[in-house]
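Since the structure comes first, as structure tokens, the remarks are kept for the end.
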2 protein chains.
Amino acid sequence: MARRAVSDDEGRRPTTIRDVAAHAGVSVATVSRILSGTYPSAPATRSKVMRAVRELDYVANANARGLAGASSRSVAIIVNSVVSPHYAHVAQGVQTQAALEGKLCIVGTTGGDPERELATVQLMRQEQAECVILVGNVVNDDAYRERMAEYARALALAGSQLVLCGRPALGPDVPALVIEYDNTGGAHAITSHLLSAGHRRILFLGRREGYTTPDSRIAGYRKALADFHVPHDPGLEMDGTMERHEGYRMIRERLDAGPRDFTAVFAGNDLIAAGARQALREHGLRIPDDVSMVGFDDLPTAADIDLTTVHVPHEELGRTAVRMALEHKRTKSGVADHVMLGTHIVVRDTVRPFPAEDTSL
Amino acid sequence: MARRAVSDDEGRRPTTIRDVAAHAGVSVATVSRILSGTYPSAPATRSKVMRAVRELDYVANANARGLAGASSRSVAIIVNSVVSPHYAHVAQGVQTQAALEGKLCIVGTTGGDPERELATVQLMRQEQAECVILVGNVVNDDAYRERMAEYARALALAGSQLVLCGRPALGPDVPALVIEYDNTGGAHAITSHLLSAGHRRILFLGRREGYTTPDSRIAGYRKALADFHVPHDPGLEMDGTMERHEGYRMIRERLDAGPRDFTAVFAGNDLIAAGARQALREHGLRIPDDVSMVGFDDLPTAADIDLTTVHVPHEELGRTAVRMALEHKRTKSGVADHVMLGTHIVVRDTVRPFPAEDTSL
DNA sequence: CGGCGTTAGGTAAACGGTTAAACACGTGGC
DNA sequence: GCCACGTGTTTAACCGTTTACCTAACGCCG
């Protein structure tokens, strides 16, 4: 008794495992076993089944499979935006490693809105994602952190795993993995690079109090100043977000406000650097002849403008996130749950020595 | 009769709709109906249920939901690579529109390998994606096309929908939507821009015979030459893929091979342009003073290097793909199934007039 | 006061797989 | 000749929802 006696060709029900079983003359269970591969089976049966699968062009229904308890699911990644190169490269790493492990990758974007981020995590929980990877910069707020910790616990309870990628840990007993990279160290190194070249008035572009990434970058900047015994002038730190046009705006405003009072620029990331560079050039200032400049991230754009910058292992960040999450789920919490990847500076051609009038070093 | 009498706190089964029903003192069906919202319900019952949901932190299992026939599923996008800006921007559009329609977005990458692309489509079919969006450049091969047509039919049969985004149609009776943009027109326009400025020897970078995107761009280039009665010199077309380092290589090889025999460069896309620009500068050639240059795509990098280029509506491409697919599924094939989005040139600062010695125009 | 439309909620059958347990069927040991 | 055994397959019980169908309760009117 066919479920549908009508013979309309259009809306025909897709082939199920039952159809395959019938076509091959075996039971449904046998087909399932042979397809999962995880069971002994007679070669003759096997080939019968495979032929049926091919002839009917059968593919298993992932929903049914997931429901029935077969584990292979998917990996979720949540980013601010797909077009931002920083996120894109991490996403690429996640995608690569996920494919390697035979899982697929569902992405959500938040546009930087913590509310949407929280909501998206819930969505991924619904979706039964094997792990949920949260990437990058976020507001550093207690209430937010507490909510996220709650979600981490909910995910763990559902057999999933929260991974924080490029952002600090939530707290000591929150079941989340953390993959960081050394923002402060990188910022310290590249600021030192400028200081060693003799620069003393270094403009920092992209401060944003209460946001994890700029906060730790500026911390490295300040520490380097202190190490070189250069007095810290808060007036040299400009507020702004990590976008190209913000870099443009900040330089613009600075130069419009009065005479130039800096010899070098530390852009919070390479995008800001690109925007800042354009504004500087529009003001007739050449890099590095008139002003030295460094950035952060080592995005492709840095190569275009020959920018000395800090290399961040974006793809490895993403790959490691997936690898660790899956590993952690296999061997229940045997491995480390917090790693810090290194950064290093990439010297190109945007820094010139500056003859220090005051060699207090 | 609890499924598990053991009281281990760790591996507790996640809460199901049954738990919610029990906790609220109603039946499972009622909970389901109230959560889907699509049913009358007494306010009292409603609030009881909502409270239970909140107290138990319940989220529905998407697999079960999908299995049981609730339609809201997900949108799949398949791209060459997430980090390539071209794909990233389309992906952003897809992601945006999907979120707007309340669906989430699963992505697959192919690395440009047709085999992997085919495999990924199968994966998405398993996953019950509402539509499968294939983005961008691909080999133009009959066998491949036939296989993809097969998959399009399989998807349609399973209630899904194949969408080709930025690539030509498969054939007249293949159930696939096509969202294209005007490669040939854009290439024609920007080549004309160079020709109008007096350039006659225009080097084309990034020919790749049998690939849809470069093929149609070079077609526009040739047509513009013909329209201006400029003899076509195949020696001015250089083979290469659409990557930055390829642009660098091509210029490098050209200039190493002999004296410069072109006054302008048409880079197959902006990435090639960026690479080519670097190679030209290393040879002491300035843009646009010594050599004019144009690109294609209008990626962010084009703004960095002030490149005159062709704007492609990447995000809109992605958004339209999702919108049309979903629309098409609602109103069975009422709407158009093939649209061509326009392109236009963006004039920046990489083209200078070239005093023509031969004004055959 | 009994019949009836309406409304809110319950019952149970799918959905398409997986998998533990039962089973059929030679095979070799005693 | 009987039994324990291993191999390959089937049977049937789930997995967590949705939803078609049914029922209880409640006015309302003749």
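Letters A, B, ... mirror the listed sequences (proteins, then strands); counts begin at 1. Since this is a predicted model, take the numbers as computed values, not measurements.
Relative to the side chain of B:V26, the nucleotides D:dT11, D:dG16, C:dG10 differ in distance, and C:dG10 lies closest. The side chain of A:S36 approaches C:dT18 more closely than any other nucleotide in the set D:dT11, D:dT19, C:dT18. Listed nucleotides C:dG9, D:dG8, C:dG17 differ in distance to A:R65; the shortest reach to its side chain belongs to C:dG17. Proximity note for A:L67 (side chain, C-beta onward) versus D:dG8, D:dC15, D:dT11: the nearest is D:dC15.
The phosphate of D:dT9 (OP1 or OP2) has no side-chain N or O of A:S27 nearer than 4.0 angstrom. For the pair B:T16 and D:dG16, the criterion of a side-chain N or O lying under 4.0 Å from OP1 or OP2 is not met. Of the side-chain N and O atoms in B:T45, none sit less than 4.0 angstrom from OP1 or OP2 of C:dA8.
DNA chain D is contacted by both B:G69 and A:I34; A:I34 maps to the nucleotide lying nearer its 5′ end (nearest heavy atom per residue). If A:S41 and B:A68 are placed on DNA chain D by their nearest nucleotide, the residue sitting closer to the 5' end is A:S41. Mapping A:I17 and B:P40 onto DNA chain C via the closest heavy atom, the residue that lands nearer the 5' end is B:P40.
Within the 4.5 Å cutoff, side-chain heavy atoms of A:I106 are placed close to those of A:M124. Inter-residue side-chain proximity for A:Y151 and A:V174 is flagged as unmet; no heavy-atom pair is nearer than 4.5 Å. In this structure, B:L118 and B:Y144 have side chains that are in contact, with non-hydrogen atoms separated by less than 4.5 Å. By the 4.5 Å heavy-atom criterion applied to side chains, B:T15 and B:D57 are not counted as neighbours. Looking only at side-chain heavy atoms (C-beta outward), B:C105 and B:I77 come within less than 4.5 Å of each other. Residues B:V79 and B:V107 fail the side-chain proximity criterion, which asks for heavy atoms closer than 4.5 Å. Residues B:L104 and A:T120 form no side-chain contact, since every pair of their non-hydrogen atoms from C-beta on lies 4.5 Å or further apart.
As a whole-Å value, the separation of A:N63 CG from D:dC15 C1' is 12 Å. The nearest whole Å value for the distance from the CZ atom in B:R46 to the C1' atom in C:dT7 is 17 Å. In this structure, the CZ atom of B:R18 is 15 Å from the P atom of C:dG10, given to the nearest Å. As a whole-Å value, the separation of B:L35 CG from D:dT18 C1' is 12 Å. In this structure, the CG atom of A:D19 is 11 Å from the P atom of C:dC15, given to the nearest Å. Between B:L56 atom CG and D:dG16 atom P the separation is 15 Å, expressed in whole Å. Distance B:N61 CG to D:dC15 C1': 8 Å, rounded to the nearest Å. If you measure from atom CZ of B:R73 to atom P of D:dT17, you get 18 Å, rounded to the nearest angstrom.
Within 4.0 Å (heavy atoms only), B:T30 reaches sugar-phosphate atoms of the nucleic acid but no base atom. Heavy atoms of B:A29 sit under 4.0 angstrom from at least one base atom. At the heavy-atom level, A:V28 lies under 4.0 Å from base atoms of the strands shown.
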Check nucleotides 22-28 of chain D against the protein and report each pair of N or O atoms closer than 3.5 Å, with its distance, or say if there are none.
none

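For the pair A:R323 and A:E316, the salt-bridge criterion is not met [side-chain N within less than 4.0 Å of a carboxylate O]. Using a 4.0 Å cut-off between a side-chain N of Lys or Arg and a carboxylate O of Asp or Glu, A:E150 and A:R153 qualify as a salt bridge.
With hydrogens and angles left out, the side chain of B:R33 and the base of C:dG10 share a donor-acceptor pair within 3.5 Å.
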- side chain to side chain contact (heavy atoms under 4.5 Å, CB included) evaluation trace for A:V20 with A:H23: CA-CA 5 Å; A:V20 176; A:H23 195 267; 5.7 Å; no
- Assess whether side chain to side chain donor-acceptor pair (under 3.5 Å) is satisfied between B:E101 and B:Q97, documenting all intermediate values. CA-CA 6 Å; B:E101 311 245 7; B:Q97 188 66 27; 3.2 Å; yes
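Note that the two end axes of the helix from C:dC1-D:dG30 to C:dC30-D:dG1 enclose an angle of 60°, each drawn from 5 base pairs, rounded to 10 degrees.
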